[in-house]
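Since this is a predicted model, take the numbers as computed values, not measurements. Remember, it's 1-based here, ligands and their atoms both numbered in the order they're listed.
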Amino acid sequence: MSSLIKSVRGRRVWDSRGRPTVEAEITLADGRTARAIAPAGASTGSAEAIDRRDGGAAFGGLDVQGALQAVNGEIAALLAGRDVLRQDELDAALVALDGTPNKARLGGNALVATSLAIAHAAAVAQRLPLWRHLGAGRNDVFLPLPEVQIFGGGAHAGRRVDVQDFMIIAVGATDYAQALEWTAEVYRAAGRLMTEAGLLAGVADEGGWWPAFASNEAALDFLLRAIERAGYTPGQDVAISLDIAATDFGRGGRYRLARDAREIDSDGLAEMLLGWLARYPIVAIEDPLAEDDGEGLRKFTTAAGSRVEVVADDFICTSATRISAAAALGACNTALIKPNQAGTVSETLAALRAAQDAGWQSIVSARSGESEDVSVVHLAVGWGAKQLKVGSFARSERMAKWNEGLRIAEALGQGGGDLPPRESFPWGR
Ligand code: 2PG
Ligand code: MG
């Protein structure tokens, strides 16, 4: 069994928004290969690993030739002859080689594609699926509960409404396959409702229906009606979750609501959101306040955190240190875990473990710029994350991931598609 690296190659491929991105491919000494593609976000936190982009005229300045040179040059030289089974060691070497706090020199895109390719190569070397390699030693394997976008918004839909993701969670589903079935019915019902209202205008970045609504609340009302139209009891079978992505419209404690044409302060935004929590069956709310509003997040978590998941995305940027600090502050209670925010697989896992140690929930998440790469599903299953967020229920870069979960469920055999126990979520207690 060979787990030594013969060569590493970076190639330019294209993401789900038609932008250049980095694919890293590792060839093992026996000739077998493994590869991974870097995703990219549109609404990014300031502490994320920085993608290296070339600037200039081509492709809006988004080309990745510099990052590819890093993979084919320095990174390939570093990794040649090394053992892919030593992920921690190789990730640490990559981080040291980069030498910056935010991966800016070699590029977060170069690093995350390489690090994920190492994980895939380790699985290939052992002739295991990636989730099994990552979950080695665990016997309580379950599928994550899907969190799925029905309407897009915010930066993913030209700021048509302020809220970025209007999502559902099939909280009453008995297994992963059923959660997808219910999601499919709600997604369809939402599309039909919009057609009837003359509001159907295609889909947003992640495949959710384009939000041709007059207000954020109108989107919430439509979502509620879609759940009912599909035949489910809101809150009981299917609940609502939101990503406010407030960093995109707030700074220094001031928030500019474009849809409602007004500016409010941190307390005002919290009050508005708490009002939504009281009126709609919402079980999770992500980035309710901006990344620079730790005090606002603390207050919001005090007010709502016992009932709902207060999910930190921009505030923690998949950093173990930031998660521990946020937990100590009492700001948020759930971590969004995105491998490309951290930059390597080991740092992503450290963030997940920090969340677990703090008693937080965790949601493994894809980005708005995605590809056919399905690594995040394997990370979620292998690492035992209870939830998974990969955008909507349309477009192949999204469906590839939901479908991979079905294959994993089948490979697990009888009862293999089981979801985490309901009591393990705040809404089930
Ligand atoms: C988020 C993600 C996914 P982006 O904010 O959680 O919806 O979006 O990749 O643009 O950061
Ligand atoms: Mg987010």
Under-4.0 Å salt bridge between Arg105 and Glu74: yes
Arg11/Glu23 under salt bridge (charged side-chain N to carboxylate O under 4.0 Å, His left out): CA gap, chis, key distance, verdict: CA-CA 5 Å; Arg11 74 169 62 88; Glu23 174 170 274; 2.5 Å; yes
Enumerated ligand 1 atoms positioned under 4.0 Å from heavy atoms of Gly41: 4 (P), 9 (O), 10 (O)
For atom 9 (O) of ligand 1, the option (of Gly45, Ala245, Ala155, Ser368) bearing the nearest heavy atom: Ser368
Lys/Arg N to Asp/Glu carboxylate O, Asp15 vs Arg367, below 4.0 Å: no
Those atoms of ligand 1 less than 4.0 Å from some heavy atom in Lys338: 1 (C), 2 (C), 5 (O), 6 (O), 11 (O)
Glu370 bridged to Arg395 by N-O distance under 4.0 Å: no
Donor-acceptor contact below 3.5 Å, side chain Asp287 vs main chain Asp313: yes
ring-ring contact (aromatic ring centres under 6.0 Å, His included) partner of Phe151, the single match among Tyr187, Phe213, Phe393, Trp209: Phe213
Name of the Asp243 atom (N/O/S only) found closest to the Mg ion (ligand 2): OD2
Pair Glu309 + Lys386: basic N to acidic O under 4.0 Å: no
N, O or S from Asp165 under 2.8 Å to the Mg ion (ligand 2): no
Pair Arg407 + Glu404, salt bridge at N-O below 4.0 Å: yes
Contact atoms of ligand 1, heavy-atom distance to Asp165 under 4.0 Å: 7 (O)
Exercise: identify the closest heavy-atom pair between Gln87 and Ser346: O-OG, 3.7 Å
Any N/O pair Thr44/ligand 1 closer than 3.5 Å: no
Atom CZ of Arg398: over 12 foreign heavy atoms under 6.0 Å: yes
Distance-only N or O hit between ligand 1 and Ala40, under 3.5 Å: no
Any Gln149 heavy atom less than 4.0 Å to ligand 1: no
Under 2.8 Å: N/O/S of Glu286 next to the Mg ion (ligand 2): yes
Proximal atoms of ligand 1 relative to Ala42 (non-hydrogen, under 4.0 Å): 4 (P), 9 (O), 10 (O)
The Mg ion (ligand 2) contact by Asp313, N, O or S atom under 2.8 Å: yes
Protein residue, atom and distance nearest to atom 5 (O) of ligand 1, heavy-atom basis: Gln164 NE2, 2.8 Å
Closest protein heavy atom to atom 6 (O) of ligand 1, given as residue, atom name and distance to 0.1 Å: Lys389 NZ, 2.8 Å
Element-labelled atoms of ligand 1 that are located less than 4.0 Å from some non-hydrogen atom of Asp243: 1 (C), 5 (O), 6 (O)
Atoms in ligand 1 with a heavy atom of Glu206 nearer than 4.0 Å: 3 (C), 7 (O), 8 (O)
Ligand 1 contacted by Ser43 (non-hydrogen, < 4.0 Å): yes
Test of ring centre spacing under 6.0 Å for Phe222 and Phe166: no
Sub-4.0 Å atoms of ligand 1 with respect to non-hydrogen atoms of Asp313: 1 (C), 5 (O), 6 (O)
Close-contact set for ligand 1 against Leu336 heavy atoms, below 4.0 Å: 6 (O)
Closest heavy-atom pair and its distance - Leu130, Ala119: CD1-O, 3.5 Å
